[in-house]
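First the structure, in the form of structure tokens, and then the observations on it.
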2 protein chains.
Amino acid sequence: MAGSVAGRVFSVLDAFAGGPDTLRLTEIARRTGLPVPTALRMVRELVVWGGLERAADGSYRLGTRIRALGAAAPCPRGLLDLALPSLRALTTRIGGHADIAVPSDGTALCLVSGARLPLHATAAGKVLLAHGHGPPAAVRRHTPYTLTAPGALNTQLARIRETGLAASHEEYRLGELSYAAPVLRDGATVAAVSVTLPTSMPYDRAGAAVREAAGVIGRALAGA
Amino acid sequence: MAGSVAGRVFSVLDAFAGGPDTLRLTEIARRTGLPVPTALRMVRELVVWGGLERAADGSYRLGTRIRALGAAAPCPRGLLDLALPSLRALTTRIGGHADIAVPSDGTALCLVSGARLPLHATAAGKVLLAHGHGPPAAVRRHTPYTLTAPGALNTQLARIRETGLAASHEEYRLGELSYAAPVLRDGATVAAVSVTLPTSMPYDRAGAAVREAAGVIGRALAGA
DNA sequence: GCCCGGCTTTCACTGGATGAAAACGTGGGG
DNA sequence: CCCCACGTTTTCATCCAGTGAAAGCCGGGC
């Protein structure tokens with residue numbers, strides 16, 4: 001792949017996946033191992049297409065075309081397949097319901113249950129929100145504990161980014177609490193693993209367990 | 001671009017942008033105009049990379065890599081969220097419809113209404129055109145007032161760059177006028193704020209109001 | 001002014017890309 | 001069962017798009 005034109009184009013795109021969201025030509029060349037003129041040609045074609053766009057200072061960032069495609073991408077069946085073993089293990093260990101959710105139309109789409117959850121009121125949703133998926137389809141109050149103030153929510157999202165763990169205590173349904181952790185692929189959050197438990201059955205290791213499961217699934221993704 | 005490898009890869013990806021989320025090889029070849037073996041090679045490299053994935057029945061769909069990239073793409077992390085308060089204020093102050101538009105496939109995609117507007121005939125579109133977004137998907141006459149001569153349009157675009165304000169007087173729909181101003185991020189225009197009014201309504205403060213709103217949103221973007 | 005780093009253009013060479021043709025697989029109609 | 005039709009995959013001789021070293025260009029620092 002490295003010896004093909006397509007491969008070179010892809011490597012340029014990959015250069016943006018993990019790192020800062022804006023790169024200069026030289027930096028792209030360094031990251032991809034491509035000679036500068038070659039990187040320039042790749043980048044130019046990407047700009048014409050709309051996959052990259054040029055910032056005012058001459059550096060590059062991912063463009064609208066990539067965003068549009070990302071939004072158009074359906075949720076991968078393969079993801080559920082990869083995740084199922086870990087989800088079963090989670091349920092065995094913690095109890096309750098384990099699921100994996102991807103962003104879809106401003107909601108968190110649960111691949112196991114098929115449910116669509118609000119982004120602002122569930123642990124899985126908050127994980128997705130915290131990592132740039134959004135905006136939410138609707139922000140409404142589901143229980144007395146639902147967070148609706150943008151400020152409070154943003155503070156939580158910042159914390160979620162720091163800790164890699166989100167929680168929801170009866171913010172969506174009374175008597176239900178959930179924990180969720182991000183599934184990473186190439187440094188980007190592509191899904192959220194969550195467990196949902198009745199408040200009567202709290203389990204203090206749920207957070208760590210969810211994080212572990214997310215890690216395992218992320219590694220499975222990388223290996224696939 | 002059509003004559004380059006990169007262009008062919010892009011056209012394959014584009015084939016998925018508008019249509020159904022799963023395509024068969026022959027269908028991809030048909031949509032892109034590529035010979036089948038060529039399409040096959042493109043598709044294969046995309047699959048290896050992760051930009052496409054193969055469904056159980058042998059058809060193809062957009063893959064996790066594309067999703068991850070789309071998620072990693074900066075800027076509209078809640079561009080609409082950030083803009084909504086300002087847009088509401090605009091409507092309250094000026095009336096009519098306020099919206100924020102980003103370039104998408106040669107059109108101006110309005111994030112509030114979801115509408116796609118032509119770049120050459122609307123205020124929001126002209127703002128995007130004036131700052132390097134384009135080319136337009138199509139330049140056609142919508143009303144007797146639509147500008148189609150490239151010269152006249154370019155003169156206007158230059159003026160828009162100078163003044164930071166664009167207008168459209170019944171160039172898209174009769175009885176409708178709109179004003180738009182650029183939203184800047186790192187000095188680059190990433191979106192356009194616009195208000196659309198019936199010609200019967202007063203509008204003398206619309207220009208300044210739109211510009212102010214765009215400034216506020218730009219500052220919110222920088223802070224995020 | 002001079003230098004230095006990064007961006008862009010040029011150009012002769014070459015190896016990856018190309019696509020017609022043929023082989024392969026599969027399903028279904030007679 | 002055979003044969004046909006359709007979609008996919010492989011092959012291979014041809015050739016042109018892609019390559020990258022080198023040189024030119026621009027701007028900013030000293």
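Chain A is the first sequence line, chain B the second, and so forth, proteins listed ahead of strands; every chain is numbered from 1. Computed from a predicted structure; not experimentally measured.
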Would you confirm whether R65(A), through its side chain, and W49(A), through its main-chain N or O, come within 3.5 Å as a donor-acceptor pair? yes
Of the candidates dA17(C), dG7(D), dT9(D), the side chain of L25(B) sits closest to dT9(D)
What integer distance in Å separates L34(B):CG from dA17(C):P? 14 Å
Distance check needed: dG19(C) C1' versus L40(B) CG, whole Å only. 12 Å
Report the C-alpha separation of E45(B) and S4(A) in whole Å, then their side-chain angles, then the decisive distance to 0.1 Å, and conclude whether the side-chain hydrogen bond (donor to acceptor under 3.5 Å, both in side chains) test is met. CA-CA 9 Å; E45(B) 295 206 72; S4(A) 75; 2.6 Å; yes
Nearest-nucleotide pick for T38(B), side chain only, options being dT19(D), dT8(C), dT18(C): dT18(C)
Donor on one side chain, acceptor on other, S59(A) and T22(A), under 3.5 Å: yes
Main chain of P103(B), side chain of T107(B): is a donor-acceptor contact present, judged purely on distance under 3.5 Å? no
Given atom CZ of R41(B) and atom P of dG19(C), what is their separation to the nearest angstrom? 8 Å
Given atom CG of L23(B) and atom P of dG7(D), what is their separation to the nearest angstrom? 14 Å
Atom-to-atom span, CZ of R54(A) to C1' of dT8(C) - whole angstrom: 10 Å
One pair to check against side-chain contact (heavy atoms from CB on, under 4.5 Å): M42(B) and L34(B). What are the steps and the verdict? CA-CA 10 Å; M42(B) 304 286 121; L34(B) 263 38; 4.3 Å; yes
Keeping the roles fixed (side chain from R161(A), backbone from A130(A)), state whether a donor-acceptor pair exists under 3.5 Å. yes
Only one of V193(B), I94(B), V195(B), V127(B) clears side chain to side chain contact (heavy atoms under 4.5 Å, CB included) with Y179(B); which? V195(B)
Classify the side chain of R24(A) versus the base of dG5(C) as yes if they form a donor-acceptor pair under 3.5 Å and no if they do not. no
For atom CZ of R44(B) and atom P of dA17(C), their distance in whole Å: 13 Å
Show the distances under 3.5 angstrom between N or O atoms of the protein and N or O atoms of nucleotides 22-27 of chain D.
none

dG20(D) C1' sits how many Å from M42(A) CE, rounded? 12 Å
E45(B) atom CD is separated from dA17(C) atom P, nearest whole Å, by 6 Å
Side chain of H120(B), backbone of R140(B): donor and acceptor closer than 3.5 Å? yes
Could you check whether any side-chain N or O of K126(A) sits under 3.5 Å from a backbone N or O of Q156(A), counting only pairs where one atom can act as donor and the other as acceptor? no
Please write out each protein N/O paired with an N/O of nucleotides 11-16 of chain C under 3.5 Å, distance rounded to 0.1 Å.
none

